[in-house]
Each structure stands twice: as structure tokens, then as C-alpha cells.
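None of the values given here were measured: they were computed from a predicted structure. Sequence lines set the chain letters: A, B, ... in the order given, protein chains first and strands last, and positions in each chain run from 1.
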Amino acid sequence: MAARKTRSATKKSDATFTPEQDLQAYRDMLLIRRFEEKAGQMYGMGLIGGFCHLYIGQEAVVVGMQMALGDGDQMITSYRDHGHMLACGMDSKGVMAELTGRQGGYSKGKGGSMHMFSREKNFYGGHGIVAAQVPLGTGLAFSNKYKGNDRVSVTYFGEGAANQGQVYESFNMASIWKLPVIFVIENNGYAMGTAVRRSAAKSEEMYARGAAFGIPGEQVDGMDVRAVKAAGDKAVAHCRSGNGPYILEMRTYRYRGHSMSDPAKYRTKEEVQKMRQEHDAIEQVKHRMIENGAASEADLKEIDKEVRAIVTEAAEFAQSDREPDPAELWTDILVEA
Amino acid sequence: MAVEILMPALSPTMEEGTLAKWLVKEGDQITSGDIIAEIETDKATMEVETVDEGTVGKILVAEGAEGVLVNTPIAIVLAEGEDASAMDASKAAAPEPAAAPAEATSAPAAAAAAPAPVEVSVPADPDIPSGTELVSMTVREALRDAMAEEMRTDDAVFVMGEEVAEYQGAYKVTQGLLDEFGDRRVIDTPITEHGFTGIAVGAGFGGLKPVLEFMTFNFAMQAIDHIINSAAKTLYMSGGQMGCPIVFRGPNGAAARVGAQHSQDYSAWYSSVPGLKVVAPYTAADAKGLLKAAIRDPNPVIFLENEILYGRSFDVPKLDDWVVPIGKARIAQEGSDVTIVSFSIGMTYALSAAEKLAEEGISAEVIDLRTLRPMDMPTVVESVKKTNRLVTVEEGWPTSGIGAEIAAQVSAQAFDWLDAPVTRVSGKDVPMPYAANLEKLALPTVDDVVSAAKQVLYI
């Protein structure tokens, strides 16, 4: 099957949302935005260590996809993972406390920003090695097929990771074994500081990277949450009905640097400003809701207040919670049989 | 001139085989490319093509003959115009098959007073109930049976790897599994170690219990990121939420004449990684019992096999559920003068050396580690406290090797009991050479072990 191109990046999506869906998307995206802003601030205060990769700008991708998933579907991603965790319902206190390395963090403080998991929410990490999550997510799909359930594994990776060999090894096996995996390429334009046009052959068509393996692919406006959900619905239906893998290239943008120590010299401030002003995912929903009367400025302010309260509570917990007990150094190395 | 057809070697490690079937008879005309016979090794049945042309003059080895050594003449081909009389001439003229280079044997100097040989004592295995029937089987069969038994009792167990299904295993370890369990549970992968290892680890996260075969551990180096970063570390990084019950298995270390890239011993590499268990059995009984334990273990287990050992036979207890616990060494032979510690194929050197030492009146205790991580140091230390001398044996490299680790542990835990420095016998610190003589020099020998034992005994 040839890769199909839906150039929704260059035209308005015709997908529509109900007022309830718009409100949900708005709230979920805003939570990620505010959470990440707070995380950035706490990093600056020295409360978060190591690497910290913020998701600001890309919120529509994970929120739209989550709206397309059902119970038991799995998610796995790279180290830019805070947004994914919040989107799948993980508690913001547990995520923030992991960032500060506290015992109440999802990994008891032993994983950090890049390594968090939740069995309960079917979130399989949080992986620090670029593209390692791609065969792992394909393996989750393998387990679904082996068990004979109709669950789908959503495997996120950046356009930078899309140059790793193991991605194509995964495409090959996902295709020959017809595994229910959606490969979501989050194309934010920059692999660290290397623009996609400098690092990827046929960089305008990342969605077509599965064509040689017979995997259909689509390019999606990843700044429009409705377009993301519509594409997600289609991909999920494809996988659930036993047709094998599907690729979604989400054209998105990261406003912040690759990690906290990135001065972003590789792009202009104007480029970032233009994306923020003209394509911001949250602003789009906000304007739409106000325009069509789904919500008033006051309603949205109220949501903003709620979200800020959640983030403040998370930040406070993450600072007041205890560091892990020194004995934790020696636990969780092996499962005791 | 009449030409002898010799028993061919069909794999790098084949030394003998069964001449299963002749497809030609005396008097038949044959031409280059004709299939003339079928030969069975312990791994496979192979067809033999002739490169000679002429008439089959005489069949020298009858159909069904077992244990035919490589390079034994099996038939004589007469060239055009020759008759049977040429066969005698051929025999006279035929060069002797190249003899294996003579072992550098140092004739034991006749000591003035030859010491009395000591009795070799093999302790009964405490894990085997007395009276248990023992059956002889190869390591290869034992491994296969272990997988089959675990697959029968647990549907989450599946086998994946290159050529494990339709080809029946590159080394025939998975022979018959496809027939019994079908292609849902015995899965041929493309040649794509990095990818299929990640998929298997992901399947482990997803609740399955993969048994992943590497055609050899040399190829697993392409996949080592998933073995270590994904499989070994995730339990810790997830605060105990997400373990990976998986077995990575396959032949490890040197086979024979396959050169540097196909001969590496990874024992020390994997043994240094927290989050992994590492098993390296020697006998078929241990191979079976430990593989069953590894499959049941909720952690990632590296299961290091050895190609040379696949075809060796050992007694295996005939029990419904023979499981050997991971992490326990076995005293293969009791002794009092010196402790020799080894594992996997290193045990062949250790045991032969112990025999030689016994002839000279030296009583060696031989310990088979069986598991390298967690290593059963109490058993080693107990032995050292008795013998006060320790030699380690491995085929791997010496630097930062298993022997180095044991030496460090013993010097920390039993320094006051040592009467001599711990001495390591290992492969040489070089990439494995191809040339037969150099390869031999690169590997440890029985004499190296004997010398090391004498060295620590100051003899």
C-alpha cells in the first residue's frame, strides 16, 4: 500500500469537535503547558537536575492522539515524555516529584525526567536512548497480537529518531507480522539543533518512510488537535481491525530548546514567534470556542485557574516530599522470585 | 588416476558423522555436482556433492556407519579408462591426510620418587534425589527439552530468533519446536538483532516471557543496547513497576576456526551489569535445569551456551520437572590441595587438568560456577579455606575478566587463607586468530591449568 499524503499542515482541517471535546482538549493541553512552564522554572531554581526536555508547543499531538485511544491501549515514547504522562492520566504530583527526585515520584525518584512508567495507565516509558522505544513499542504490539486482544500500541518518536536503523528494523517486522502499532513521528523540525532538512532525506515526506515496507502513512497538522484526533481515529481503526501498522507524521513545533541548556542558536526568534502567534494549538482551540460560543473568556479563565492549582500543588508536593530512603539504592534491581 | 572421496567436514566444529545413505553404487558413472551420499551430523543431515568425475570404483564405508571421522576415505572414483587395479595404486600414492599438528607434549619428567596418584571423588549432586534414573543426552537436546517443557506449561513462553523455526535452529537447538508449538510461538525473525531484541524486550514488558535466541552472542553486540539499557535497567528506573522476564540465549565464545568476530566470550561483559542474571552451564543436566529456571525467572537472564559443548553427552536426571537454581555453583570434584574454578567449556580444561594432577598425587577441587551473576562466592571461598590455593579458568580475555573478579573477591573475603596469589588461566589478550596453530595458542590448554596449579603449590 502506498503512503498517502494528507497535507493538512497547509490547509485547515475539516475535522470538527463538539464543544465538550474542545473543552477537554483545551484543558488537557493547558495542563501540559502550565506543568512544563513550572518544570522549566523549577529547573532554573536548581530543583530539577540532569536533563529536562519540555513539551511546550507540541501539546496537541499527544492530547489529540489520547482522545482517539481506548482502554488498554499502550503508549511509549522518548525522553520528552512529561506531556505523554499527563495526557494518559498520570498524576501530575507523581510526575513532578520524579523530576525533583523524590520518593513520591513515579519511579520513586530513581528514574528522573526521562525514565518514568505507569503500568496502571499503560504508559511504558520514558526512554532515554533515541529510538529505543520504537522496537519496544513494536514489541508491545507483538504482545497484543500474541494474546489475541485488540489493543493498539502507540509508539512516539521524533523526526530525529526516525534516522535510527532500529526504526526500520521495527517497520519491517511490524509489517510482515501485521502488528497493531501506530508509529507517531513527532516532527518538530529540529533533532536537537539539526534542522530536519539537514538530517533527513526527503524531509518533507517523513510520513512516507514506511512506504518501502508497505506501511501507510499520513502527514498531519500536529498543531491542530482536531486533525490529530481525526488521524488518530483512522490509524486506530486500521490497527484494531488487523491491518498492521500505521504511520502518522505530526508536523509540530517545540517552542523551548531541546533541553534546558539549549540556547537555540540554530533558529531565529522570529521563527519561534511566528509559530506561537499563528499556529499555537491552545490558542486555536481558545479562539474557536470563544468564536462559536462554546465557552466564554470567564469560563476559560476558570479552567486556567484550576489547571494552575493542580500544577502548584504538584510543584509543592515535589519540593516537600522526602528524598528516597537511602535503602532504595539497593532495591528494584532484580525481581525477587 | 583413481581418487579417494573423503568424509567431509560439514561445519567448523564437526569431527565425525554418520554416513546415512549412499545415493550411488559401485559401477555408477558420476560427474561433478552429483549428489552421492547423505551424511548426518548431530545437527543435520547434509547431502554430499562430488567434485570428481568417473566411475564409483569402490565404496569403502558402508551405509549406516556411525562415527566416521572427517577425512576418512569413503569411496574411490576411477577415472575414464581405469579399472579396479588403479585402486591399489591410488592407495599407495594417496598422501596421508594431514595429521593434526602434534600437541606440544612435555613428557613428564620422571620424578625421583613418583607420587602416588590420588583418588578422584565426584560428589553426588544434592539436587538429585537418590535413585533417580539418569539418561544420557546432549547439551543440545537438554536445551530443547527445557524450552519445550516450559512452553507446555506456560502459554506466555515463546521462542524467537533467526532460523529457530523452519530451519530448526542454526545449531539445531530448537529442533522440533515448530512442529509441536506452531508458528505463533516459534518465530523466525529477519536478520535484525537490534530490532528483534527490542521487540522481544517490549513483548516482555507487555506480559510475555520471550526466549530470544541469538545465533551467536557475537551478533548480540548489535542488540546490546536493548539488553542493558532496556531490559536490565527498566525495573530500577521504574521504581520496581516494570520488569522484563526474558531469556537471551545462544552460543557464546570461541567455536572453531571462525576468527575474531565470531569467537568472543561475553561472560565478563554481561556479568558486570546489575539487573541481569548470567548463566553459563557446562553439563547437559545443568543446561536443562538452569534454562528452565531462567525461563521462570522474572528477570532478564543471559544464558551463555557453547557451540563445542552442544554435541557433548552427559547424564541428565529423568524427572518431570528438573530445575537447577540460578546462583549456585557445583563442586564437580572434591579435592584438598588446590581449588580450580571454572564454568562452561572452561570446565573441560579444569577437569582434565584435575585428572592429570591426580596422577601426580595432587588433589584438586574443581568448582563449576554455573551462574556468573550472582556468583556463588561462598562456595568458592569455602573451598579456598580448605585448599588455600586458587586457579581460575576461562576462555575469555584476562583483562577485567571473570578470573579477575574472582581474584578480587577472594582476596577480599579469604586473604588470610591464601598461601599463594590467585592465578588466572584464560584466553590470551588478543583477538581470536584464524590460523589453526595461532588459534590453539590463543586458547587456554589443560597444560596451562596444570602449570598454574603447580605454580600456586610452588612445585
So that I can tick it off, tell me whether [Y] and [X] are bridged by a salt bridge, with the cut-off set at under 4.0 angstrom between side-chain N and carboxylate O.
X        : Y        : result
B:Lys328 : B:Asp376 : no
B:Glu180 : B:Arg152 : yes
A:Glu186 : A:Arg80  : no
A:Glu323 : A:Arg102 : no
A:Asp332 : A:Lys108 : yes
B:Arg330 : B:Asp125 : no

**Prompt:** Out of A:Glu316, A:Glu98, A:Glu313, which residue meets the salt bridge (charged side-chain N to carboxylate O under 4.0 Å, His left out) rule with A:Lys93?
**Reply:**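 Between A:Lys93 and the candidates, salt bridge (charged side-chain N to carboxylate O under 4.0 Å, His left out) is satisfied uniquely by A:Glu313.
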Chain B contact via [X] - which portion, at a heavy-atom distance below 4.5 Å:
X        : answer
A:Ile76  : neither
A:Glu328 : backbone
A:Ile129 : side chain
A:Thr331 : backbone
A:Phe123 : backbone

Side chain, backbone, both or neither: which part of [X] has a heavy atom under 4.5 Å from chain A?
X        : value
B:His194 : both
B:Ser238 : both
B:Thr189 : both
B:Ile326 : neither

Chain B: which of [options] shares the most heavy-atom pairs with it under 4.5 Å?
options                                : value
A:Gly109, A:Gly105, A:Pro135           : A:Pro135
A:Ser143, A:Gly111, A:Ala174           : A:Ser143
A:Asn172, A:Leu140, A:Val134, A:Asn122 : A:Leu140
A:Lys145, A:His115, A:Gln133           : A:His115
A:Ala132, A:Ser170, A:Gly128           : A:Ala132

**Request:** Any chance you could lay out the side-chain hydrogen bond (donor to acceptor under 3.5 Å, both in side chains) test for A:His82 and A:Ser113, step after step, and finish with the verdict?
**Result:** CA-CA 8 Å; A:His82 313 158; A:Ser113 165; 2.8 Å; yes
Winner by heavy-atom pair count (cut-off under 4.5 Å) against chain A, out of [options]:
options                      : value
B:Gln241, B:Gln222, B:Lys233 : B:Gln241
B:Asp225, B:Leu276, B:Leu208 : B:Leu208
B:Gly198, B:Gly243, B:Ala156 : B:Gly198

**Request:** Test the B:Arg184-A:Tyr146 pair against the cation-pi criterion, namely NZ or CZ under 6.0 angstrom from the six-membered ring centroid and within 45° of the ring axis.
**Result:**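 Yes, B:Arg184 and A:Tyr146 form such a contact.
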**Message:** I need the B:Phe181 CZ to B:Asp155 CG distance, nearest 0.5 Å.
**Reply:**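 B:Phe181 CZ to B:Asp155 CG: 10.5 Å, rounded to 0.5 Å.
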**Asked** Are A:Gln166 and B:His226 close enough, and set up right, to give a side-chain hydrogen bond (donor to acceptor under 3.5 Å, both in side chains), and what steps lead you there?
**Response** CA-CA 11 Å; A:Gln166 60 183 318; B:His226 280 298; 2.7 Å; yes
